[in-house]
Amino acid sequence: MTRLHVEEYGDGERTAVLIHGLSSSSATWQRLVPELTRAGYRVLAPDLAGHGRSARTRYSRERWAEDLLETLPAEPELAIGHSLGGVLLAMIAERLRPARAIYADPAWYPWQGVGYGEAQPAIRTAKGWSHADARAAHPQWSDELVAARVAELGTWDPETTHMDYLETAYVPVFPVVPSLIVRAGTSDLIAPALADHFQDVGFTVRTVPSTGHFLHLDDHKGFVAALDGWV
């Protein structure tokens, strides 16, 4: 197991944990953290192994899940996972036991209908992005957000895309704690039919229109509005 680097913010009596996605880092939550600390949370944002300031090692979703359980306190009031972070949160929810779980465009299914392994080469290409590349990919972002994305890509180990047991699927059958799915308006991961399915089995599902996969950065206000009643 890897003891993860964790960024900590605020000193509220309630705890929120934020789990980033593949190729990202704890820095991805920079716009959400002030919202949560103002709401009275102590916020814990780990860097997964191979990301940010955490160690490089061998990678698998199973190892990341165990790292999170080793690092995070049990029974936080709130847990949010984006993309791969949403996969890991679903894997550990029964043991972590957050009071509420929020899945931001979770990567429970392969990207654009291809296999998990097939999607990884496209993700690896982001490792060499310049500021101009990141700006082209995210034209609506501020210069500060673009710079933060380039910086976290600089600390990211692209070997994370060669994770063990890559074709294993981790899709929740039903929510083990009260759970909200927030999907991107143009989501390739949670299509409308899947959103209906998850709604039917007990998840609350909301959509942030006109956003891509990084919905929490594409439309911060819209994302925060989608969390109404859950934060």
Where do Trp230 and Arg100 come nearest, in terms of heavy atoms and distance?
O-NE, 2.6 Å
Taking it one step at a time, do Gln140 and Asp218 satisfy side-chain contact (heavy atoms from CB on, under 4.5 Å)?
CA-CA 7 Å; Gln140 69 275 55; Asp218 289 349; 3.3 Å; yes
Keeping Thr211 on the side-chain end and Gly185 on the backbone end, is there a donor-acceptor pair under 3.5 Å?
yes
Side chains of Ser83 and His213 in contact at under 4.5 Å (non-hydrogen atoms)
yes
Please tell me if the side chains of Leu48 and Leu68 come closer than 4.5 Å, counting only heavy atoms from C-beta onward.
yes
Decide if atom CG of Asp228 counts as having more than 12 heavy atoms of other residues, nucleotides or ligands within a radius under 6.0 Å.
no
Is Ser60 reaching over with its side chain to a backbone N or O of Met163, donor-acceptor style, under 3.5 angstrom?
no
Sidechain N-carboxylate O distance under 4.0 Å for Asp164, Arg61
no
Contacts of Val173 that satisfy side chain to side chain contact (heavy atoms under 4.5 Å, CB included) - sequence neighbours left out:
none
Shortest non-hydrogen contact from His131 to Ala147?
CE1-N, 4.1 Å
Asp105 and Asp188, any side-chain heavy atoms less than 4.5 Å apart:
no
Going through the distances and angles, do Asp219 and Leu215 end up as a side-chain contact (heavy atoms from CB on, under 4.5 Å)?
CA-CA 6 Å; Asp219 182 0; Leu215 67 171; over 6 Å; no
Per the side-chain hydrogen bond (donor to acceptor under 3.5 Å, both in side chains) rule, which among Glu152, His51, Arg149 passes with Ser23?
Arg149
Are Asp157 and Arg56 ion-paired here, with the side-chain N under 4.0 Å from a carboxylate O?
yes
When rounded to the nearest 0.5 Å, the distance separating OH of Tyr9 from OG of Ser26 is 5.5 Å
Atom OG1 in Thr161, atom CG in Leu22: separation rounded to 0.5 Å?
7.0 Å
Taking the side chain as everything from C-beta on, heavy atoms only, tell me whether Val208 gets closer than 4.5 Å to Val182.
yes
Is the distance between the ring centroids of Trp108 and Phe198 less than 6.0 Å?
yes
Search all heavy atoms of Leu44 against all heavy atoms of Pro73 and return the closest pair with its distance.
CD1-CD, 3.5 Å
Taking the side chain as every heavy atom from C-beta outward, state whether His162 and Tyr59 have any pair of such atoms under 4.5 Å apart.
no
Heavy-atom check, side chain of Arg206 versus side chain of Arg183, under 4.5 Å:
no
Does a salt bridge link Arg97 with Glu94, judged by any charged N lying under 4.0 Å from a carboxylate O?
no
Test Tyr103 against Ser179 for side-chain contact (heavy atoms from CB on, under 4.5 Å), laying out the working first.
CA-CA 8 Å; Tyr103 301 94; Ser179 298; 3.8 Å; yes
Assess whether atom CZ of Arg58 is packed by more than 12 heavy atoms of other residues, nucleotides or ligands within 6.0 Å.
no
Mind running ring pair (Phe, Tyr, Trp, His ring centres under 6.0 Å) on Phe214 and His138 for me, showing each step along the way?
CA-CA 9 Å; Phe214 285 81; His138 305 289; 5.5 Å; yes
Rounded to the nearest 0.5 Å, what separation is found between the CG atom of Leu89 and the CG atom of Leu72?
10.0 Å
Determine whether Ile80 and Ile19 satisfy the following criterion, side-chain contact (heavy atoms from CB on, under 4.5 Å), listing intermediate values before the conclusion.
CA-CA 6 Å; Ile80 303 177; Ile19 308 171; over 6 Å; no
In short, Leu84 meets Ala107 closest at the heavy-atom pair N-CB, 4.1 Å
Shortest non-hydrogen separation from Leu153 to Ala126 and the atoms involved:
CD1-O, 3.4 Å
How about His5 and Glu7: does a side-chain donor come under 3.5 Å of a side-chain acceptor?
yes
Quick check for you: to the nearest 0.5 Å, what is the distance between Leu88 atom CG and His82 atom NE2?
12.5 Å
Which atom of His220 lies closest to which atom of Arg31, heavy atoms considered:
CE1-O, 3.1 Å
In plain terms, say whether Arg124 and Glu159 are close enough for a salt bridge, that is, a side-chain N and a carboxylate O under 4.0 Å apart.
no
Compare all side-chain heavy atoms of Thr28 with those of His216 and state whether any distance is below 4.5 angstrom.
yes
Side chain proximity check, Asp200 to Phe174, heavy atoms < 4.5 angstrom:
no
